[in-house]
Amino acid sequence: MANVINYYPEAMDKRTQYKLMNAQAAQKMSAAAGSVLTPENWIIYEDADVKTGEVRKVLVVEASGEIFATVSKTFIENFEKAVDFFGADLGQIEVIQGTSKGGREYITCGIV
């Protein structure tokens, strides 16, 4: 069973939480690289990886009727820092793609 950590809006009902956590049509957050999103709903929860059993954080964002999900530690950490700093209603966020020194591509969250 997934453990909900945080979500927005504060009055989000269980139906919306379930919809976000089980969205079959969710796209990878990396598909939105270079885009600015205005989150209408978002949720962060912990879930076990079906292959490894490792517990990991998942972030799901609904913006303009589309749902994006990520398990990227870098993206989630920066998203959580922004929430801590600005509050849960972040306004607009930017999905930024970069390349590490080791040559791996990654995404991170920026504030617009």
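Just so you know, these numbers come straight off a predicted model, no measurement behind them.
Nearest heavy-atom pair, Met21 versus Ala2, reported as atom, atom and distance to 0.1 Å: CE-CB, 3.3 Å. Of all heavy-atom pairs between Ile76 and Thr70, the closest is CD1-O, 3.6 Å. Nearest approach of Val4 to Tyr45, heavy atoms of both residues: CA-CB, 3.9 Å. Minimum interatomic distance between Ile111 and Ala82 (heavy atoms only, all atoms of both residues): CD1-CB, 3.6 Å. Taking all atoms of both residues into account, the shortest heavy-atom contact from Val95 to Met29 is CG1-O, 3.7 Å. Summarising the geometry of Ala63 relative to Leu37, their closest heavy-atom pair is CB-CB, 4.1 Å, with the distance given to 0.1 Å.
Under a hydrophobic-cluster definition in which Ile, Leu, Val, Met, Phe, Trp and Tyr are linked whenever side-chain heavy atoms come within less than 4.5 Å, directly or via other members, Val60 and Phe75 are assigned to different clusters. Residues Ile96 and Val83 do not share a hydrophobic cluster, clusters being chains of Ile/Leu/Val/Met/Phe/Trp/Tyr side chains in contact below 4.5 Å.
Salt-bridge formation is not detected for the pair Lys57/Glu77: no Lys NZ or Arg NE/NH1/NH2 atom is positioned less than 4.0 Å from an Asp or Glu carboxylate oxygen. Note on Asp47 versus Arg56: no salt bridge recorded, every NZ/NE/NH1/NH2 to OD/OE distance being 4.0 Å or above.
Other members of a hydrophobic cluster containing Val50 are absent, since no ILVMFWY side chain comes under 4.5 Å of it, directly or through relayed contacts. Other cluster members for Val112: Val36, joined by side-chain heavy-atom distances under 4.5 Å among Ile, Leu, Val, Met, Phe, Trp and Tyr. Clustering of Ile, Leu, Val, Met, Phe, Trp and Tyr by side-chain heavy atoms under 4.5 Å joins Tyr106 with none of the others.
We find the OH-CD1 distance between Tyr18 and Ile43 to be 12.5 Å, quoted to the nearest 0.5 Å. Interatomic distance, Asp49 CG to Glu54 CD, rounded to the nearest 0.5 Å: 6.5 Å. Note that CG of Asn22 and CD of Gln24 are 7.0 Å apart. Values are rounded to the nearest 0.5 Å. If you take CG on Leu20 and OH on Tyr7, they are separated by 12.0 Å, rounding to the nearest 0.5 Å. For the atom pair CG of Leu59 and CD of Glu80, the computed distance is 8.0 Å after rounding to the nearest 0.5 Å. Distance check: Ile93 CD1 to Phe86 CZ gives 12.5 Å after rounding to the nearest 0.5 Å.
Annotation: side-chain hydrogen bond (donor to acceptor under 3.5 Å, both in side chains) contacts involving residues 60-69, sequence neighbours excluded, comprise Lys19-Glu62, Gln27-Glu66, Asn41-Glu62.
Under the 3.5 Å distance criterion, the side-chain polar atoms of Trp42 are matched with a main-chain donor or acceptor of Ala88.
A search for side chain to side chain contact (heavy atoms under 4.5 Å, CB included) contacts involving Glu105 returns Gln97, Thr99, not counting sequence neighbours. Scanning for salt bridge (charged side-chain N to carboxylate O under 4.0 Å, His left out) contacts around Lys81 gives an empty result, with sequence neighbours left out.
Put simply, the side chain of Ile67 does not reach to within 4.5 Å of the side chain of Val61, judged on heavy atoms.
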